[in-house]
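Here the structure is laid out as C-alpha cells; the discussion comes afterwards.
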Amino acid sequence: MKHLQVAVGIIRNDKKEIFLTQRASTSHMANKWEFPGGKIEAGESALEGLTRELMEETGIVVTEALAVGTANHTYQEVSVILHFYLVEQWGGEPWGKEGQPQRWVPQTHLNADEFPPANIEMVERLVRGEL
Ligand SMILES: Nc1nc2c([nH]c(=O)n2[C@H]2C[C@H](O)[C@@H](COP(=O)(O)OP(=O)(O)OP(=O)(O)O)O2)c(=O)[nH]1
Ligand SMILES: [Mg+2]
C-alpha cells in the first residue's frame with residue numbers, strides 16, 4: 001500500500017466561487033472533480049508542495065494560503081493524507097494548464113458526489129458555509 005501526502009488548494013474568489021478541475025480519465029479517481037494539487041515531494045513542506053502544484057496545474061502564484069484541515073482516506077490502491085489550504089490571494093488567473101476541464105462553482109453549490117470520497121467532509125463544511 002502506498003501512502004501519499006497531498007497538498008490541495010481551495011481557490012476561492014471574492015464572489016465565493018471555487019475553482020475546480022476534473023481529473024484525467026486515465027488517473028486514480030478518474031473523472032472526479034477536485035481541488036487542484038498533488039503529491040508533496042521529499043524535502044518539501046506542505047505549503048511548498050501546494051505552491052508548486054498550483055503553479056504547475058493552474059498557473060497561479062499563491063501569495064497567501066490558510067491551512068484549513070486535513071483528511072485521511074484509504075482507497076483500494078493507495079492511502080492519502082490531504083492537506084487543505086484556502087487560497088484567496090494569488091497572482092495571475094487560474095486555468096486548466098494541463099488540459100484539464102475547469103469550472104468555477106459557487107461554494108454553496110458544491111456537490112460532494114463529484115469529488116473523490118476523501119473530500120466529502122471538507123466539501124460539506126464549505127457547503128454549510130463554515131469556511
Ligand atoms: N489534487 C487532488 N488530489 C486528490 C483530491 N482528493 C483526493 O482524494 N485526491 C487524491 C487523488 C490521488 O490519489 C492523490 C494525489 O493527487 P494527484 O493525482 O493530484 O497528484 P499529482 O498531481 O502529484 O499527480 P501526478 O503528478 O502523479 O500525475 O490524491 C483533491 O481534491 N485534489
Ligand atoms: Mg494533481
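Order of appearance sets the numbers: ligands from 1, and atoms from 1 within every ligand.
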Pairwise distance CG(L86) to CD1(I18) - rounded to 0.5 angstrom: 7.5 Å
Separation between CZ of F35 and CD of E57, rounded to the nearest 0.5 Å: 13.5 Å
Record the part of [X] in heavy-atom contact with ligand 1 below 4.0 Å; permitted values are side chain, backbone, both and neither.
X   : value
H28 : side chain
Y75 : side chain
K32 : neither
R23 : side chain

Check: F35 N/O within less than 3.5 Å of ligand 1 N/O: yes
Polar proximity ligand 1 side, V8 side, N/O cut 3.5 Å exclusive: no
H83 to I40 - nearest heavy-atom pair and separation: CD2-CD1, 3.9 Å
Exercise: identify the closest heavy-atom pair between L50 and A65: CD2-CB, 3.8 Å
[atom]: which of [options] has the nearest heavy atom?
atom                    : options             : result
atom 10 (C) of ligand 1 : V80, I40, N119      : V80
atom 20 (O) of ligand 1 : A71, G49, P117, G38 : G38
atom 19 (O) of ligand 1 : G9, P36, S79, G37   : G37
atom 22 (O) of ligand 1 : K39, Q5, E57        : E57

Could you check whether any side-chain heavy atom of [X] comes within less than 4.5 Å of a side-chain heavy atom of [Y], counting everything from C-beta outward?
X    : Y   : value
F84  : I10 : yes
F115 : L20 : yes
M1   : T74 : yes
L66  : E88 : no
H73  : I81 : no
N119 : E34 : no

Numbered atoms of ligand 1 (with element) below 4.0 Å of P116, judged on heavy atoms: 6 (N), 7 (C), 8 (O)
Distance filter under 4.0 Å to A118 heavy atoms, resulting ligand 1 atoms: 8 (O)
To check your reading of the model: name the closest protein heavy atom to [atom], its residue, and the distance in Å.
atom                    : result
atom 9 (N) of ligand 1  : L82 CD2, 3.9 Å
atom 3 (N) of ligand 1  : E34 OE1, 3.5 Å
atom 14 (C) of ligand 1 : V6 CG2, 3.8 Å

The Mg ion (ligand 2) to nearest N/O/S of P36 less than 2.8 Å: no
N, O or S atom of E57 closer to the Mg ion (ligand 2) than 2.8 Å: yes
Lys/Arg cation over aromatic W33: R103, 6.0 Å, 45° cone: yes
